[in-house]
Asks: 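Before I ask anything, let me first share the structure, which is written out below as structure tokens.
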Amino acid sequence: MTGQTEPVSPVSPVSPDGDGDGLLRYSAGQQARLVELGLLAAQLQQQFESEAERNRCFQSVEKQAVRDNRARLKLLLSQERQVALCRLSSCVASALVAAGFTQVSTPSIIPRVYLERMGIDEHHPLCSQIFWQDRGRCLRPMLAPGLYAVSQQLLGSQSVPVRIFEIGSCFRRESDGQAHLSEFTMLNLVEWGTAIDERQSRQRHLIDLVLSAAGLEGCSVIEEDSTVYGTGVDVVDGQGLELASSSLGPHRLDAAWRIDCSWVGVGFGLERLLMSKSGGGIHRWAKSFTYLDGACLCLR
Ligand code: ATP
Ligand code: MG
């Protein structure tokens, strides 16, 4: 049986009560199990004349889905040997390194003062989403403060352009589970010293570079306000799912980090990229004890 602790509903299951025409649909428990095994909403629509017929059908559909998931796991263990999140992370990192960026790694636990420098005080909408360790430290909700801190030092000794990026976990208390995780993987890149009149073309170029490394097509760039940076652009997929947000500097936040130059920055959610490319709910592609590489682990 499922016995899962994570949300497992990438689709809206149909009502198990039938349509009032005497026909039955899968029970709520059966629907949850089939969703967990990766069946799509359309495959849950089937109607049955009796409970016995429904249960027989469930058993055979479940059996086939278990077989499919087992085959996916076998392929992972025997050939691919890296889950999609790790594969994507390696692909994007290689593309950025080849484009002149340096990968950095900063702590996941950051001081409160770093949030304050991002303009996130107790009145800010993001404040209620922070996981506090104690009064002075929290789990980072974004990579930008770490990149700002490293860049402040780097720019003191190196000349622009300086191009760095980080790929790492970020943490936010979220209430909407369909496209939000409490722990997710952000890719944040920043190019310091971009010529003012080249920022927009560099922004598009860098967005395209990441999308192409991720194998995603059909995305668009729209203007959108960010609660941290103000006016910026978002990258959305064909269904309108936000994949990334991007801003340009100089920006009013730079002064708190004693940085004074122009820049282009983009932050992508890697699980959103996987969800958009491969389908299924976001939990299927997240760091998880329930799913591995999009396949369900619970196959007994
Ligand atoms: P949303 O409006 O979808 O909640 P956001 O605008 O608050 O996202 P940003 O701060 O712009 O998110 O973060 C950059 C990217 O990180 C987003 O475009 C998205 O791809 C990803 N992201 C943000 N929050 C989450 C989350 N809780 N779970 C998964 N991915 C996330
Ligand atoms: Mg955003």
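Both ligands and their constituent atoms are indexed starting at 1 by order of listing. Since we're looking at a predicted model, the values are computed, not measured.
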Asks: Would you please say whether a donor-acceptor pair under 3.5 Å links the side chains of R173 and H180?
Replies: no
Asks: Taking side-chain contact (heavy atoms from CB on, under 4.5 Å) as the test, write out the residues that go with P250, two or more places apart.
Replies: I196, R199, D254, S262
Asks: Give the atom name of whichever N/O/S atom in E242 sits closest to the Mg ion (ligand 2).
Replies: OE2
Asks: For Q30 versus N55, what's the shortest heavy-atom pair and its separation?
Replies: NE2-OD1, 3.0 Å
Asks: Counting backbone and side-chain atoms alike, is an N, O or S atom of D234 positioned under 2.8 Å from the Mg ion (ligand 2)?
Replies: no
Asks: Hey, mind stepping through V228 and L253 against side-chain contact (heavy atoms from CB on, under 4.5 Å) and telling me if it holds?
Replies: CA-CA 9 Å; V228 174; L253 293 179; 3.8 Å; yes
Asks: Any salt bridge between E217 and K277, counting N to O under 4.0 Å?
Replies: no
Asks: Using a distance threshold of 2.8 Å, state whether an N, O or S atom of S245 lies below it from the Mg ion (ligand 2).
Replies: yes
Asks: Could you please provide the protein residues found below 4.0 Å of ligand 1 on a heavy-atom basis, arranged by chain and number?
Replies: R172, E174, A179, H180, L181, F184, M186, E242, L243, A244, S245, G267, G269, R272, I282
Asks: Taking all non-hydrogen atoms of both residues, which atom of T290 and which atom of S288 are closest, and how far apart?
Replies: N-OG, 2.8 Å
Asks: Strictly by modelled atom types, are E166 and Q103 linked by a side-chain donor-acceptor pair under 3.5 Å?
Replies: no
